[in-house]
Amino acid sequence: MTDATPALLAYLSRWLDESQGDSDAEAVLWGRVAKVSEEAGEAIAALVEATGMNPRLRPLWGNTHSYDDVVDELLDVAITAMTTAEHAVVTT
């Protein structure tokens, strides 16, 4: 983590909060935590497809994702989790 990371996370978290309007702070936090779980599910789905572990779809399309897709999804999980943690610290 660089010295700029906390400031960047705070900026991203504020930017996300601005899109929430007058939503209840607790509801926003619930939504943020749920989003982390959604992103993790997308990482798992990308891994399943990259490894060809879905025998139902493999004969139709082959592997529909690459390991680069898995990494991209994992980075989505990371940034979502970090901005959620920053949000939780600021609002609680």
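No experiment lies behind these values; they were computed from the predicted model shown. One is the number of the first residue; the rest follow in order along the sequence.
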Can you tell me how far apart CG (Leu74) and CD1 (Ile44) are? Round to the nearest 0.5 Å. 9.5 Å
Return each pair, listed once, that meets salt bridge (Lys or Arg N to Asp or Glu O under 4.0 Å) where at least one residue sits in residues 24-47; pairs must be two or more places apart or across chains. Asp17-Arg32, Lys35-Glu38, Lys35-Glu39
Contact check, side chains of Leu29 and His87, non-hydrogen atoms, under 4.5 Å: yes
Keeping Thr84 on the side-chain end and Thr80 on the backbone end, is there a donor-acceptor pair under 3.5 Å? yes
Got Val71 and Leu75 here, is their nearest side-chain heavy-atom distance under 4.5 Å? yes
When rounded to the nearest 0.5 Å, the distance separating NE2 of His65 from CG of Leu47 is 10.5 Å
How close do Asp3 and Pro6 get, heavy atom to heavy atom, and via which atoms? O-CD, 3.5 Å
How far apart are the closest heavy atoms of Glu73 and Ala43, and which atoms are they? CB-CA, 3.5 Å
Consider only side-chain heavy atoms of I, L, V, M, F, W and Y, link residues closer than 4.5 Å, and tell whether Tyr11 and Leu16 are in one cluster. no
For Met82, the option from Val36, Leu12, Leu9, Val77 that meets side chain to side chain contact (heavy atoms under 4.5 Å, CB included): Leu9
